[in-house]
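Atoms within each ligand, like the ligands themselves, are counted from 1 in listed order. In this chain, numbering begins with 1 at the start of the sequence shown. Computation of the quantities below employed the complete heavy-atom set of this structure, encompassing side-chain atoms and omitting hydrogens, waters and symmetry-equivalent molecules. Since the structure is predicted, the reported quantities are computational estimates derived from the model, not experimental observations.
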Amino acid sequence: MSTQDKKSQSGSEEINFEKALRPTAWDDYIGQEKVKQHLRLMIDAARARKEPCDHLLFYGQPGLGKTTLAYLIGKEMQTQVRSTSGPALEKPGDIAALLTNLEPHDILFIDEAHRINKLVEEVLYPAMETRTLHLIIGKGPSAKTFSLDLPPFTIVAATTKANLLSSPLRSRFGAIFRLEFYDVKDIEKILTRSAHLLGVEITHEAKKILAETARFTPRTANRLLKRARDYAQLYRKNVIDNTCAEETLKLLDIDEFGLERADRDFLEILIDKFQGGPVGIRALGAALNEEPGTIEDVYEPFLMQIGLLQRTPAGRIATKRAYTHLKKDHKSPLF
Ligand code: ADP
């Protein structure tokens, strides 16, 4: 089997694994209580009126449960969820084809909504507002506009970058929800459920170790559990215990805060090359050989969440906690 085949096999394995663990009932969707409460209210009201739910936007870090919510809403509203993503919608015809194929009350889930291009957005505005599709066929003076009524439907969009969504698009959603990082207790509950679904036994201590290093993110927690299960299987253990959890983390080069090698490199460069900051994102990006966008999306949210990094108007700063964690001398004049 070629490397490419292996990669795509492990990619589809990962997708199947996610699907298998995805909660399909409100009670299994742990945490995010306020979001759940508000959504249930909206869904119950819409159902009572026999109308589709308002268009919804979820934003927050990857792996926090945005897609899961879209499918849960579909289940609650007893309707189909069709799925696409911002980058897949290249031209107005792409979104038009999806919208005209919707059945009444269907949900259209659009992931990575901040990557929808302007031309596609312009088709979406009237579609979301008045359920009409306006399309221009042809070019120049012979171009023709035609309009089509669409069935009642709901757009559920998800993004990691709500600030990049244009304000006309944002204003067309009936409700906007921010998904927060999870607390460790909730991540433990998610691990309990996932272990049960995977048919593996895990001790309380092992669960605690994995939960504390899961970056407050369900997807990461499930992935760590899967790796720990592999480890247990390899060493013929029938239960994931603390040794198994610790060895798995060691193998993955994840420390007790949940930092991976790349996170530690990021902080080390900030401390060693820029005296802990403040430093601008471009200079940091150049030193790390990473795009500023990747730094903002991938590294920073978690490092800020655990208090190792601060974003200030003057630039990024490594906190005292970061120095202590990486066992660096506190040379920064900031503390
Ligand atoms: P996102 O769309 O925000 O990137 P997903 O909805 O795909 O995240 O969630 C990733 C995985 O994490 C899901 O497959 C699911 O198993 C798990 N998950 C997410 N949120 C929850 C939750 N609140 N409770 C239990 N499991 C969750």
Side-chain angles (χ1 to χ4, degrees), residues 10-40 43 56-76 81-88 107-116 154-165 173 175-200 202 207 210-211 213-229 258 293-294 296-298 301-302 305:
S10 78
S12 63
E13 213 180 275
E14 212 56 58
I15 292 167
N16 289 340
F17 171 75
E18 278 222 343
K19 275 193 186 155
L21 298 183
R22 187 161 275 162
T24 51
W26 285 119
D27 285 346
D28 291 335
Y29 192 91
I30 317 281
Q32 310 287 358
E33 293 305 332
K34 277 200 183 131
V35 175
K36 264 188 343 191
Q37 218 179 344
H38 191 165
L39 275 176
R40 291 179 85 158
I43 290 170
L56 305 169
L57 173 67
F58 298 124
Y59 73 99
Q61 287 301 299
L64 292 184
K66 301 180 290 297
T67 310
T68 306
L69 275 179
Y71 283 93
L72 251 176
I73 295 167
K75 186 130 192 282
E76 282 292 306
V81 180
R82 316 258 182 161
S83 167
T84 184
S85 74
I107 289 174
L108 178 62
F109 175 61
I110 309 181
D111 204 3
E112 297 191 72
H114 60 277
R115 294 177 64 190
I116 301 176
T154 299
I155 297 244
V156 178
T159 178
T160 49
K161 303 185 120 192
N163 59 326
L164 291 190
L165 227 59
F173 290 98
I176 298 179
F177 298 95
R178 177 194 158 107
L179 296 198
E180 306 283 350
F181 280 119
Y182 291 66
D183 63 34
V184 173
K185 283 271 164 266
D186 282 342
I187 295 286
E188 279 184 33
K189 285 187 201 158
I190 291 171
L191 284 170
T192 305
R193 174 178 175 273
S194 301
H196 178 72
L197 287 176
L198 292 175
V200 287
I202 177 165
K207 215 183 301 171
L210 296 186
T213 47
R215 305 170 81 95
F216 316 116
T217 304
R219 180 181 289 137
T220 313
N222 285 339
R223 212 177 276 157
L224 290 180
L225 178 68
K226 193 181 177 202
R227 296 285 87 84
R229 179 184 69 162
T294 311
E296 277 177 329
D297 294 352
V298 181
F302 174 63
Q305 178 75 16

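- Side-chain contact check for His114 versus Tyr59: every heavy-atom pair is 4.5 Å or farther apart.
- In terms of modelled atom types and a separation under 3.5 Å, the side chain of Glu180 and the main chain of Gln32 share no donor-acceptor contact.
- Taking the six-membered ring for Trp and thresholds of 30 and 60 degrees, Phe216 and Phe302 have ring planes inclined between 30 and 60 degrees apart.
- Put simply, the side chain of Lys66 gets close to the backbone of Gly60: a donor and an acceptor are under 3.5 Å apart.
- Protein residues having at least one heavy atom under 4.0 Å from any atom of ligand 1 are Glu18, Leu21, Arg22, Pro23, Asp28, Tyr29, Ile30, Pro62, Gly63, Leu64, Gly65, Lys66, Thr67, Thr68, Tyr182, Ile190, Pro218, Arg219, Asn222, listed by chain and number.
- In this structure, Arg193 contributes its side chain and Leu21 its backbone to a donor-acceptor pair below 3.5 Å.
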side-chain contact (heavy atoms from CB on, under 4.5 Å) between Phe58 and Leu64, worked out: CA-CA 10 Å; Phe58 298 124; Leu64 292 184; over 6 Å; no
